[in-house]
Amino acid sequence: MRIPVLLVASLFAGLFGWTENSTLTLSAEEVATGVTPVSVQGNSVKLTPKNTSIQFVGTHEGDKPDPRKGGFGEFTGTAEVDSDGTLQSVAFEIDTTSLWTEFPKLTAHLKSPDFFDVRTYPKASFKSTSVASGSDGKAVVTGEFTLLKVKKEIKIPVTTSISPEGLTLTSDFKLDRTQFGMSYGQGKVSDDVALSVIIGKPTEVPGS
Amino acid sequence: MPLTAQDILWGCVAPTVLALLLMWVFSKLREPTSGRVASSWSLISGFLCGYFVLALGPWIAESHWQWVPHLCLAAAIVGPVGRAADVSAGERFLLYLVVSTLSAWFLVPTWDDLSPSRGTYLVGYSLYVALLALTLEALANKFDGRIFSAVLAFSLMSAAIVLILSGNLRFGQMTLAGASSAFGVFLYATVTRRSTPLPGWGLAFATCAAGTLLVGYVNSISEISPAIYLVVPIAPLGLAASLAGPLSAGTGLRGVAGRILLPTVILIAACVLAFLSEQSSYEGY
């Protein structure tokens, strides 16, 4: 049964808010490599780091953006689909203490009160409120995302691919971190963060 | 993430100038009250200037660390009261203990996994700040205002360095504003060649230094030893070593060097040890 499903981009898009002109954070080769459809059990799809990847790229302002890639190593999620194979809802909970980057010092700084303040806010969450399906597997997921102490409605673009083996999904978009109260470093660190979510590609944490 | 021109202007220059100007303004007001409040209010005014102009935190505190500026303000107001002529040392200590306990209540987080426990932090921090403030006030009476203010400024600067090395740039900037204010007090004392003591700011200094280091420590994911966080605010007490013995004998520049030797060595060692603890984690950052 073909099941068009929209997923995981909701999780990460929820973090900050969506802007129209997104920047791809992964090349087409990277996306195509190692992507395995996730099976649907009943009407539910269970999303874990073993089948989903959430990554972000932050940059500095000025002449040397020095992009830095990171992601989250621990999260849980569920997507519900109806008998027609369309997405009905999606919900996620992210363990912000599982934040990772390529550099230990950067990881520690992002976890500090300067950014994610993970000791005070160890969880981030997303719950969809509606899904607007388009053509060719494209859709827009609307939902409420909670990060730090701010809850905001966000909309994110996603592209899905369905096969008998299950689904894959890719989503690339930009988020404004300051909309969620993550305002430290304005003028030095870009407000916009590029995000990439892939369902079907497991999370790979450096050093693990 | 380097400091921008705005960071330097409002986080360092403005607090220095503000503290310098306030010291001058207070010098024109009626003694002895103005003498007791001048250093305390100058220190905190510059600290608050940097904190709010750079938007290092909200005006209304919601998280534990966001209480630092409010508690520093309270300490700046209460501290000089303890130096009134009719207040005994015991009463001064109790007054400082009330303020430091209040500070601890707001600054120590309520996390379930806090280690050591919140109760331990409350008792330890309260006593630490109150005793530090009391001892600093006793030392303030015995030293040239220039020497005393220079050592306090250096202690706050070292606190900023430790916080930055630990990965808490926001808290480092907050403390840097405090250090710049203390430097402004030093500049005033130097320009006016003030050899008389500068009392009244022991509690404000202790709250600023220990408060920022406390929130920095509990939020830090670094290898810096907790001993360094404890040593930096109390390093100025090393001035006591120059009250007697060979360090007290010199005059002129040699005499100054002898008096500030021990606190300087302690603070430099603390910063170097903090750097060595973290240097392996700086790749790519």
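Reminder, nothing fancy here: chain letters follow the sequence lines and each chain counts from 1.
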Is atom CG of A:Asp66 surrounded by more than 12 heavy atoms (other residues, nucleotides or ligands) closer than 6.0 Å? yes
- Message: Would you say that more than 12 heavy atoms from the other residues, nucleotides or ligands in this model lie under 6.0 Å from the CH2 of B:Trp65, or not?
- Response: yes
Between the CZ atom in B:Phe171 and the CG atom in A:Asp114, the distance rounded to the nearest 0.5 Å is 7.0 Å
Do B:Ile221 and A:Ser112 have side chains that get closer than 4.5 Å, going by heavy atoms? no
When rounded to the nearest 0.5 Å, the distance separating CG of B:Asn219 from NZ of A:Lys111 is 13.0 Å
The interface call for B:Gln173 against chain A, heavy-atom contacts under 4.5 Å, is side chain
So CD of A:Gln186 and CG of B:Leu54: to nearest 0.5 Å the spacing works out to 12.0 Å
So, the part of B:Val215 with a heavy atom under 4.5 Å from chain A: the answer is neither
Honestly, the part of A:Asp117 sitting under 4.5 Å from a heavy atom of chain B is side chain
Given A:Pro122, A:Pro113, A:Ser183, A:Ala108, the one with more heavy-atom pairs under 4.5 angstrom with chain B than any other is A:Pro113
So, B:Arg170 side chain and A:Tyr184 main chain: donor-acceptor pair closer than 3.5 Å or not? no
Backbone N or O of B:Ser222 within a donor-acceptor pair of the A:Lys105 side chain at under 3.5 Å?
-> no
The reported gap from CG in B:Leu114 to CZ in A:Arg119 (rounded to nearest 0.5 angstrom) is 7.0 Å
Would one find more than 12 heavy atoms of other residues, nucleotides or ligands at under 6.0 Å from atom CG of B:Asp113? yes
Whatever's closer than 4.5 Å to a heavy atom in chain A on B:Asp7 counts as side chain
Separation between CD (A:Glu61) and OG1 (B:Thr4), nearest 0.5 Å, reads 11.5 Å
Margin query: Taking atom NZ as the centre, does A:Lys123 end up with more than 12 heavy-atom neighbours from other residues, nucleotides or ligands that are less than 6.0 angstrom away?
Written below: yes
* Asked: More than 12 heavy atoms of other residues, nucleotides or ligands under 6.0 Å from CH2 of B:Trp67: is that the case?
  -> yes
